[in-house]
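Before any comments, here is the structure.
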Amino acid sequence: MNTFSNSIYYDGSGYRMQKKSLLDICNEVDKPSYIYDMNYILDKYQKFIKCFDVDNLQVFYAMKANYNPHILRIMKENGLGLDAVSPAEVLLGLKLGFDPKKILFTGNNMTDEEMDIIHNEGVLFIIDSLSRLEEYGKSYPGSKVGLRINPDVVAGETPMVQTAGDLSKFGILMSDVPKAIAISQKYNIHIIGLHEHTGSGISDLDKVIEGMKSLIGIAKPEDFPDLEFIDFGGGFKVPYSSEDVEIDYVEFGKRTTDLFKELCNLYQRDLSLYFEPGKYLVADSGAYLVQVNTIKDNRGRLIVGTNGSFTQLIRPMLYDAYHHIVNLSNPEGSPERYDVYGNICESTDCFAFEREIPKIRVGDYLAIMNAGGYCRSMASEYNLRPFPSEYLLYNDDLITNKKSLTPSDLAERVLKDYGL
């Protein structure tokens, strides 16, 4: 039984995360809920950094993927930094004890107010537009910044998650780099880092390397004499189905290390190598646990209704993304084809169409896999459905991260928010 997730496995008697039965966990936790395997996250981090023969390597976790404070706190204890994209993300990291020097702010289309908040916290900006670089220079001449460059290499599993090329809102065009240098010289801005990110879910190693080569190609000592680091972003592929192919990370590490050392030789000094993985570290550590409420046979089309919804796991609706689904209650049942829906008043509230799953019965528990990244962090309370509870499994201990509000609590909170 391929679960496409190393954090969850089938041992012949049922599905497990670490040594615990997921079915037993379902019987003791709220439904719907998210559960994450912290040991798996740390293991992926260690495997990732071991691929690079680089002394000055720093991983900045892209916290937009999952900002669960318990996960962030343990990451900090294990040496990770944070890639933040909003003032609140920066402030959350600081309140958890992250050193400002271990946080990068890569926000997009920021306001002047946001710029001032981040600068006053001592966090480094990765600026991705000429107009914002100009405003930053006017406000804070003599400061240090990083630049996000559009490498003109388009990659990513769908157009919706591609972040480079002519149509992208992200990054400074390579043809505009001379203008960025001129602005920095005008305000005595010290460009200490260069950053690129081409997209998410990249499985083509050559595309990844092509983007890196584009960035390194502009990193000339005469243009960027203050350079301290090169940042190759994230976007690494996580397998969601049996057809998905991962990058060969050993080969990736070797080719990246070679490129990086060439750059260091060019600068005749040791630079730092940065990465910003998000989904890669957390996605396949998690599952979204739901319970079956109803089953309909619509002229042979079996429609399963659950107590979850796209407001809590939006990727299938938003990106047409595949998430593997297993029946925790009846793993050895005879497979049938189902459409698996949520409880929101929207026709698009669907997790899977015509998906082959072991026989589902009312009351069964289902696990929707690869729910550790861009699920809870993208959730909403549409239809006034409360956010689910969250649980963290760490060294076989089940930690309750956040309990769900009751419908009554949520209704009262809304009244309070509106002053009623």
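By convention here, the first residue in the shown sequence is residue 1.
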- Task: Apply side chain to side chain donor-acceptor pair (under 3.5 Å) to the pair Gln291 and Asp364, showing each step before the final yes or no.
- Result: CA-CA 6 Å; Gln291 189 166 23; Asp364 280 356; over 6 Å; no
- Task: Let me see the working for Met75 and Met38 under side chain to side chain contact (heavy atoms under 4.5 Å, CB included), right down to the final yes or no.
- Result: CA-CA 9 Å; Met75 283 183 166; Met38 191 68 220; 4.2 Å; yes
- Just do the ring pair (Phe, Tyr, Trp, His ring centres under 6.0 Å) check on His323 and Tyr240 with the steps written out, would you? CA-CA 6 Å; His323 282 255; Tyr240 281 75; 5.1 Å; yes
- Message: Working note: Glu381 + Thr311, criterion side chain to side chain contact (heavy atoms under 4.5 Å, CB included); need CA distance, chi angles, decisive distance, verdict.
- Response: CA-CA 7 Å; Glu381 292 174 334; Thr311 63; over 6 Å; no
- Item | Worked verdict on Phe52 versus Phe275 for ring pair (Phe, Tyr, Trp, His ring centres under 6.0 Å) | CA-CA 11 Å; Phe52 306 93; Phe275 285 101; 4.8 Å; yes
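In this structure the side chain of Val282 reaches within 4.5 angstrom of the side chain of Tyr61, judged on heavy atoms. Side-chain atoms of Lys20 and Leu393, non-hydrogen and from C-beta on, do get closer than 4.5 Å to each other. Inter-residue side-chain proximity for Met212 and Ile230 is flagged as unmet; no heavy-atom pair is nearer than 4.5 Å. Side-chain contact check for Ile74 versus Asn78: some heavy-atom pair is nearer than 4.5 Å. Residues Leu194 and Asp231 are not in side-chain contact: their nearest non-hydrogen atoms beyond the backbone lie 4.5 Å or more apart. Under the 4.5 Å side-chain criterion, counting only non-hydrogen atoms from C-beta, Asp226 is not in contact with Ile191. In this structure, the side chains of Tyr341 and Thr306 stay at 4.5 Å or more apart for every pair of heavy atoms. At a threshold of 4.5 Å between non-hydrogen side-chain atoms, the residues Arg16 and Tyr10 do not count as touching.
Side chain of Asp128 to backbone of Asn108: no donor-acceptor contact under 3.5 angstrom is found. Looking only at distances, no side-chain donor or acceptor of Ser404 sits under 3.5 Å from a matching main-chain atom of Pro386. Judged by distance alone, with hydrogens and angles left aside, the side-chain atoms of Ser389 form no donor-acceptor pair with the main-chain N or O of Ser33 at under 3.5 Å. Side chain of Ser285 to backbone of Leu281: no donor-acceptor contact under 3.5 angstrom is found. Proximity of a side-chain donor or acceptor of Ser21 to a complementary backbone N or O of Leu23 within less than 3.5 Å is detected. Looking at Lys31, its side chain does come within 3.5 Å of a backbone N or O of Val29 through a donor-acceptor pair. Side chain of Glu276 to main chain of Phe60: no donor-acceptor pair is present (N/O by atom type, distance under 3.5 Å, no hydrogens or angles). In this structure a side-chain-to-backbone donor-acceptor pair under 3.5 Å is missing from Asn395 to Asp397. Counting only distance, with no hydrogens or angles, the side chain of Asn66 and the backbone of Gly372 share a donor-acceptor pair below 3.5 Å. No donor-acceptor pair under 3.5 Å is formed between the side chain of Asp176 and the backbone N or O of Ile172.
Ring-centre distance between His195 and Phe232: not below the 6.0 Å cut-off. In this structure, Phe236 has its ring center under 6.0 Å from that of Phe48.
Remark: Lys296 engages Asn298, Ile303 in a side chain to side chain contact (heavy atoms under 4.5 Å, CB included) (not counting sequence neighbours). The side-chain hydrogen bond (donor to acceptor under 3.5 Å, both in side chains) check on Glu114 picks up nothing, with sequence neighbours excluded. Annotation: side chain to side chain contact (heavy atoms under 4.5 Å, CB included) contacts of Ser86 (sequence neighbours excluded): Ala88, Glu89.
For the atom pair CG (Asn56) and CZ (Phe229), the distance works out to 13.0 Å, reported to the nearest 0.5 Å. How far CD1 of Ile35 is from OG of Ser7: 9.0 Å, rounded to the nearest 0.5 Å. We find the CG-CD distance between Asp270 and Glu228 to be 12.5 Å, quoted to the nearest 0.5 Å. From Ser309, atom OG reaches atom CG of Asn343 across 5.5 Å, with rounding to the nearest 0.5 Å. Distance CG/Leu227 to SG/Cys264: 9.5 Å, rounded to 0.5 Å. Ile49 CD1 to Leu273 CG: the interatomic distance, rounded to the nearest 0.5 Å, is 12.0 Å.
Comment: Asp112 engages Arg132 in a salt bridge, judged by a side-chain N to carboxylate O separation of less than 4.0 angstrom.
At a cut-off of 3.5 Å, with distance as the only test, a side-chain donor of Tyr36 or Glu390 sits close to an acceptor on the other residue. When only modelled atom types and interatomic distance are considered, Gln312 and Tyr382 share no side-chain donor-acceptor pair under 3.5 Å. In the model, Asp53 has no side-chain atom that pairs as donor or acceptor with a side-chain atom of Thr257 under 3.5 Å.
The two residues Pro388 and Tyr288 come nearest to each other via the heavy atoms CG-CE1, 4.2 Å. In terms of heavy atoms, Tyr391 sits closest to Asp30 at OH-N, 3.2 Å. Between Tyr67 and Leu72, the shortest heavy-atom contact is O-CD1, 3.7 Å. Between Ala287 and Ala371, the closest heavy-atom pair is C-CB, 3.7 Å. In plain terms, the two heavy atoms of Leu124 and Val145 that are nearest each other are CD1-CA, 3.8 Å. In plain terms, the two heavy atoms of Pro358 and Asn327 that are nearest each other are O-ND2, 3.3 Å.
Residue pairs meeting the salt bridge (Lys or Arg N to Asp or Glu O under 4.0 Å) criterion with at least one partner in residues 71-82, sequence neighbours excluded, are Arg73-Glu77. A salt bridge (Lys or Arg N to Asp or Glu O under 4.0 Å) check over residues 346-357, counting only residues at least two apart or in different chains, returns the pairs Arg301-Glu354.
A perpendicular orientation is assigned to the rings of Tyr249 and Phe252, their planes being inclined by more than 60° (bins at 30° and 60°). Under the 30°/60° scheme for interplanar angles, the aromatic rings of Phe125 and Phe105 are found to stand perpendicular.
For Asp55, the CG atom counts as loosely surrounded, since its 6.0 Å shell holds 12 or fewer non-hydrogen atoms of other residues, nucleotides or ligands. In Glu113, the CD atom is not crowded: 12 or fewer heavy atoms of neighbouring residues, nucleotides or ligands sit closer than 6.0 Å. For Lys64, the NZ atom sits in a packed shell: over 12 heavy atoms of surrounding residues, nucleotides or ligands are nearer than 6.0 Å.
Under a cutoff of 6.0 Å and an axis angle of 45°, Arg376 and Phe387 form a cation-pi pair. Figure legend: cation-pi geometry between Lys44 and Tyr280, with NZ or CZ positioned under 6.0 Å from the six-membered ring centre and within 45° of its axis.
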Tell me which donor-acceptor pairs under 3.5 Å the side chains of residues 405-412 have, and how far apart each pair is, sequence neighbours excluded?
| residue | atom | partner | partner atom | Å |
| --- | --- | --- | --- | --- |
| Thr406 | OG1 | Asp409 | N | 3.0 |
| Thr406 | OG1 | Asp409 | OD2 | 3.0 |

